[in-house]
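The structure appears below as structure tokens.
In this text, all values refer to a predicted model and were calculated from it rather than measured experimentally. Naming: A, B, ... by sequence-line order, numbering from 1 per chain.
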Amino acid sequence: MNIHEKEPEDRIEQEFELFVHPEGSATKVVKAGKGTLLKELLEAIGFQTEGVFVLVNDPPMELYSEEEIEIQVEAVDLGTSLGELGLKEHSHISCHTCKVITVAVFYNGEEVKKKFPPSALISFITRWAKKRLKLDDASAEKLVLQIAGTNERPRPDVRLGQLGTIQGCKIVFNLVAAELIQG
Amino acid sequence: MVTCMKTPSQRKLEADLADGPFKMGEANKKWGLLEDLEKTWPYALFWVKAGQRQYAPDCFLLNLHVENYPSAGPSGGFWDTESGDVLAAEKWPKGTGQVAAVFRHGWQNGKMLYHPLDGGTLSSHSDWPEKHPSDIWTSEKIVVDYLEMVFSLLHSGDYTGV
């Protein structure tokens, strides 16, 4: 989607592609210029911006302690331009009504729990859960996250906030063995 | 081929290739489309990046039959553009465990991968919907699910090279 099709040529030249991760649905590709306001961009693609937290770029979650995650997740001001936010080609924008989401993961009767921003990748949460459960690489490689009560195993490139099954800013996963193919 | 002659399957695949999940993988250099879909239809030729292994290429080509996408899953195997045919057995990605199970050159002469996301293989395994409820191809899935499966295997500990 190009939201500036009718803009002057100098503005079109500065356009770049961004990935927008909406609440409960698949990633969208959007083209916009550095001067575009975040609110302008989101509204142009039909997103509700009222009461929504918008996170840009990927927070370096590995650096945060459990207590810090909620403090460090800073939603951005929608009146800021993409350029001012430092967004560039293939930057990520996540939108969600929850600023953080409590994730519980069950494995072999053990539970680990932590708050993550909606922008957290499933691959990152999977690695975190395995580490917290002290599962070594060899035994853990074939374990994947499955949303509790479903057969749904989100792809590693999906962001937490994109899952449609989050209620009350909480979600529960089971860490399960991948379905092995046998001949 | 002019737009009005495109089938619903081709239009759906083109839309999925222009959408976020495929473009993100492309931006992260995980996979890409090698040739224009209009030239290759009803096949789609992709490259998929592989993990580094001694004497092995850094990516493989995957030629997928996509004529009935998404009602039927993509179906195909590793490809050699020089011979214009399925990649020879000695150049096929190899390994143990799931890599050996899914990338078996002997299955349908290398024209399909042995996985429930592969539409051709699935059609001959009526018990797989029950055995593999999460991995089975459904029309809700997209070609990225297939590419991610291949990418993951080519980066797993089971993959040893060629």
### Query
Can you name the closest pair of heavy atoms from Glu148(B) and Pro156(A) and give their distance?
OE2-CG, 3.5 Å

### Query
Is Val48(B) reachable from Leu37(B) through a run of I, L, V, M, F, W or Y residues, each pair having side-chain heavy atoms under 4.5 Å apart?
yes

### Task
Determine which residues belonging to residues 130-137 of chain B lie within contact range of chain A, meaning some heavy atom pair is under 4.5 Å apart, and list them by number or answer 'none'.
Lys131(B), His132(B), Pro133(B), Ser134(B), Asp135(B)

### Under the side chain to side chain donor-acceptor pair (under 3.5 Å) test, residues paired with Lys142(A) that sit two or more places apart
Asp158(B)

### Query
Is there any residue in residues 17-28 of chain A with a non-hydrogen atom under 4.5 Å from a non-hydrogen atom of chain B, and which ones are they?
Glu17(A), Phe19(A), His21(A), Thr27(A), Lys28(A)

### Query
Do Leu153(B) and Val162(B) belong to the same hydrophobic cluster, where Ile, Leu, Val, Met, Phe, Trp and Tyr are linked whenever their side-chain heavy atoms lie under 4.5 Å apart, directly or via other members?
yes

#### Entry: Enclosure of Glu89(A) CD (heavy-atom neighbours >12, cutoff 6.0 Å)
yes

### chain B contact via Gln146(A) - side chain, backbone, both or neither, heavy atoms under 4.5 Å
side chain

### Query
Is a donor on one side and an acceptor on the other found under 3.5 Å between the side chain of Gln98(B) and the backbone of Leu180(A)?
no

#### Entry: Rounded distance (nearest 0.5 Å) linking atom OG1 of Thr138(B) with atom CG of Asn151(A)
11.0 Å

### Task
Look at atom NZ of Lys111(B) and say whether more than 12 heavy atoms of other residues, nucleotides or ligands are closer to it than 6.0 Å.
no

## Note on the structure
Smallest heavy-atom separation, Val29(A) atom then Asp19(B) atom, equals CG2-C, 3.7 Å

### Task
Determine which pairs satisfy side-chain hydrogen bond (donor to acceptor under 3.5 Å, both in side chains) with at least one residue from residues 42-66 of chain B, sequence neighbours left out, and list them in order.
His65(B)-Glu67(B)

### Task
Pick one of side chain, backbone, both or neither for Ala18(B), based on which atoms fall under 4.5 Å of a heavy atom in chain A.
backbone

### Message
Do Phe116(A) and Val112(A) land in one hydrophobic cluster if side-chain heavy atoms of ILVMFWY residues count as linked below 4.5 Å?
### Response
yes

### Query
Considering only heavy atoms, which portion of Asn28(B) lies under 4.5 Å from any heavy atom of chain A: side chain, backbone, both, or neither?
neither

#### Entry: Straight-line distance of Trp128(B) CH2 to Ile181(A) CD1, nearest 0.5 Å
5.5 Å

#### Entry: Same apolar cluster: Tyr146(B) and Val144(A), side chain cutoff 4.5 Å
no

### Query
Do Leu41(A) and Phe53(A) share a hydrophobic cluster (ILVMFWY, side-chain heavy atoms under 4.5 Å, transitive)?
no

### Query
Are side-chain heavy atoms of Met24(B) and His92(A) found at a separation under 4.5 Å?
yes

### Query
Side-chain contact, heavy-atom cut-off 4.5 Å: Arg155(A) with Pro21(B)?
yes

